[in-house]
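Computed over heavy atoms, backbone and side chain alike; hydrogens, waters and symmetry mates excluded.
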Amino acid sequence: MSTPFTGGRNHIPRLLRKVPSLRVLPFDPRQASSVRIFVHCPKTANHALIGSTAFNLKGSRRIYREVGLGLSNRGLGHRAAQISYYALPGFHEVCLKCVKVTMNLRTRIRHIRVVGRDSAPLILRRFSIWQFFDPCLRLVRCAADPKPPAGRHLS
């Protein structure tokens, strides 16, 4: 029995070509860390807007922030976004809008049409300083440098 030809390694199935999708990795980041955002929009879209309350900036009065993302000819895109240290721990929703932007070059008026929407959950954990240190490296360093004997002071 033969398998159907998929058109190559990076084939998008015909039924899913017009379905927008959003993936945020990791699913449960900590405050002050970054996440990777993977997007698929219909081919008619040329831009994507990803918004969440987890992306807010320090000192900004706005609690919801949108980041833009350019798309390839096939409607795929990826980007890294920084989670704010000041975002509240707990559940946040990440929303995707696939848009088709056209502009009149003479008048510089832009027309934005929403082509598709999607959303994904994001659970934000509390900040920990140990997320920036490798626990294995810390154990090796402690084993290699024994403590000096008690009573002797290094000067």
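- Closest heavy-atom contact between L49 and G68: CD2-CA, 4.2 Å.
- Within the 4.5 Å cutoff, no side-chain heavy atoms of N56 are placed close to those of Y64.
- Other residues, nucleotides and ligands contribute at most 12 non-hydrogen atoms within 6.0 Å of the CZ atom of R117.
- R79 contributes atom CZ, which lies 13.5 Å from atom CZ of F38 (distance to the nearest 0.5 angstrom).
- Within a 6.0 Å radius of CZ in R23, no more than 12 heavy atoms belonging to other residues, nucleotides or ligands are found.
- The distance from atom CG of L22 to atom NE2 of H40, rounded to the nearest 0.5 Å, is 12.5 Å.
- Distance check: Y85 OH to Q31 CD gives 6.5 Å after rounding to the nearest 0.5 Å.
- Heavy-atom neighbours of D28 CG from other residues, nucleotides or ligands within 6.0 Å: above the threshold of 12.
- Here the shortest heavy-atom pairing between L69 and G77 reads CD2-C, 4.1 Å.
- Cluster annotation: I37 and L76 are assigned to distinct hydrophobic clusters (Ile/Leu/Val/Met/Phe/Trp/Tyr, side-chain heavy-atom contacts under 4.5 Å, transitive).
- Atom-to-atom distance recorded for R65:CZ and Q82:CD is 9.5 Å, nearest 0.5 angstrom.
- Atom-to-atom distance recorded for C41:SG and D118:CG is 9.0 Å, nearest 0.5 angstrom.
- By the side-chain hydrogen bond (donor to acceptor under 3.5 Å, both in side chains) test, E93 pairs with S119, sequence neighbours left out.
- Across L122 and F27, no two heavy atoms sit closer than the pair CD1-O, 3.6 Å.
- The OG atom of S84 sits 11.5 Å away from the CZ atom of F127 when rounded to the nearest 0.5 Å.
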Enumerate donor-acceptor pairs with a distance under 3.5 Å from any side-chain N or O in residues 94-116 to protein atoms, sequence neighbours excluded.
from : atom 1 : to   : atom 2 : distance (Å)
N104 : OD1    : R106 : N      : 3.1
N104 : ND2    : T107 : OG1    : 3.4

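- Across every non-hydrogen atom of H92 and G90, the tightest pair is CD2-O, 3.5 Å.
- For the pair F55 and I63, the minimum side-chain heavy-atom distance is 4.5 Å or more.
- Checked by atom type and distance alone, the side chain of S60 never pairs as donor or acceptor with a backbone atom of L57 at under 3.5 Å.
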